[in-house]
Amino acid sequence: MQTAEITATYNPFLPFSSTFPDTRDRGRQWGSEGARWIAFATRRDVADVLALGLSVEQLATLGGWLSQNALLNPPALVPMKTGEFVCACGCGETFTATYRTKRPKYKDKAHKARAYRARRRDRELAAIEAQRPRAVALRRNGNGFKVVHG
Ligand SMILES: [Zn+2]
């Protein structure tokens with residue numbers, strides 16, 4: 001019994017009954033932990049859960065199942081992923097990168113700066129284009145036409 005308590009480590013992804021075998025105090029502790037998980041999942045008071053009259057084992061098992069739910073108990077650290085990506089700056093190069101949550105867009109800082117300069121250049125050219133007078137009509141002018149600007 002003593003060795004089981006020392007070697008057992010807390011693993012939130014295993015049910016309480018398998019991480020901590022049948023020691024009475026441990027069972028009561030994990031029963032109250034299970035009651036708290038049930039209260040958290042159902043948005044009730046812990047006293048309401050205990051008023052149901054479930055046994056310590058039932059509370060611990062149910063709480064263990066709820067603690068395994070990734071929606072209720074999300075993992076603390078999102079695992080790293082590796083993938084092959086095409087650079088979004090327009091160079092068409094592919095690169096391999098590791099990431100945790102957001103997929104990388106550019107190969108490196110130089111490609112990111114290049115994409116920013118291209119966007120800025122496009123913006124400036126669009127502003128110049130918007131300033132230019134636009135042709136709205138053609139008017140007869142002898143044998144040819146005259147362009148009328150708006
Ligand atoms: Zn690039």
Side-chain angles (χ1 to χ4, degrees), residues 3-21 23 26-27 29-49 52 54 56-150:
T3 51
E5 273 186 52
I6 290 165
T7 54
T9 53
Y10 176 60
N11 184 348
F13 299 102
L14 285 176
F16 297 128
S17 52
S18 69
T19 50
F20 286 105
T23 334
R26 282 289 182 209
Q29 186 182 333
W30 291 114
S32 76
E33 182 79 21
R36 270 185 270 147
W37 270 110
I38 296 163
F40 171 68
T42 57
R43 297 183 177 194
R44 299 276 172 183
D45 234 31
V46 175
D48 295 344
V49 177
L52 292 172
L54 298 171
V56 168
E57 289 78 23
Q58 286 171 328
L59 286 173
T61 307
L62 203 51
W65 290 344
L66 289 173
S67 78
Q68 289 173 33
N69 188 335
L71 289 174
L72 292 173
N73 190 14
L77 207 60
V78 179
M80 293 292 280
K81 285 160 267 185
T82 306
E84 186 127 0
F85 305 101
V86 179
C87 184
C89 83
C91 64
E93 287 182 40
T94 58
F95 61 99
T96 309
T98 57
Y99 66 104
R100 211 178 278 283
T101 52
K102 188 182 180 294
R103 292 160 46 105
K105 237 178 139 180
Y106 305 105
K107 188 181 172 192
D108 52 28
K109 279 185 175 181
H111 286 252
K112 187 177 180 180
R114 177 189 144 123
Y116 168 71
R117 289 195 303 270
R119 278 199 306 276
R120 190 182 57 187
R121 189 167 54 241
D122 288 350
R123 229 177 12 248
E124 287 166 1
L125 287 174
I128 291 167
E129 191 67 28
Q131 292 284 313
R132 274 183 50 201
R134 304 224 109 1
V136 290
L138 293 176
R139 189 167 293 155
R140 286 210 170 271
N141 184 19
N143 280 338
F145 294 96
K146 187 181 185 223
V147 180
V148 179
H149 295 287

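As the structure lists them, so they are numbered: ligands from 1, and atoms in each ligand from 1.
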Self-check item: Closest non-hydrogen atom pair, Val46 against Ala35
Solution: CG1-CB, 4.3 Å
Determine all donor-acceptor pairs shorter than 3.5 Å in which one atom belongs to a side chain in residues 92-109; sequence neighbours excluded.
{"from": "Glu93", "atom 1": "OE1", "to": "Lys107", "atom 2": "NZ", "distance (Å)": "2.5"}
{"from": "Arg100", "atom 1": "NH1", "to": "Val78", "atom 2": "O", "distance (Å)": "2.6"}
{"from": "Tyr106", "atom 1": "OH", "to": "Arg119", "atom 2": "NH1", "distance (Å)": "3.4"}
{"from": "Asp108", "atom 1": "OD1", "to": "Ala110", "atom 2": "N", "distance (Å)": "3.2"}
{"from": "Asp108", "atom 1": "OD1", "to": "His111", "atom 2": "N", "distance (Å)": "3.1"}

Quiz item: Around Gln131, counting heavy atoms of other residues, nucleotides and ligands shown, do more than 12 lie under 6.0 Å from its CD?
Solution: no
Quiz item: What protein N/O/S atoms lie closer than 2.8 Å to the Zn ion (ligand 1)?
Solution: Cys87 SG, Cys89 SG, Cys91 SG, His111 ND1
Self-check item: Verdict with supporting geometry, Trp37 and Asn73, side chain to side chain contact (heavy atoms under 4.5 Å, CB included)
Solution: CA-CA 10 Å; Trp37 270 110; Asn73 190 14; 3.6 Å; yes
Quiz item: Do you know the tightest heavy-atom contact between Leu72 and Ala41?
Solution: CD1-CB, 3.8 Å
Quiz prompt | Side-chain donor or acceptor of Asn69 paired with backbone N/O of Leu71 under 3.5 Å | solution = yes
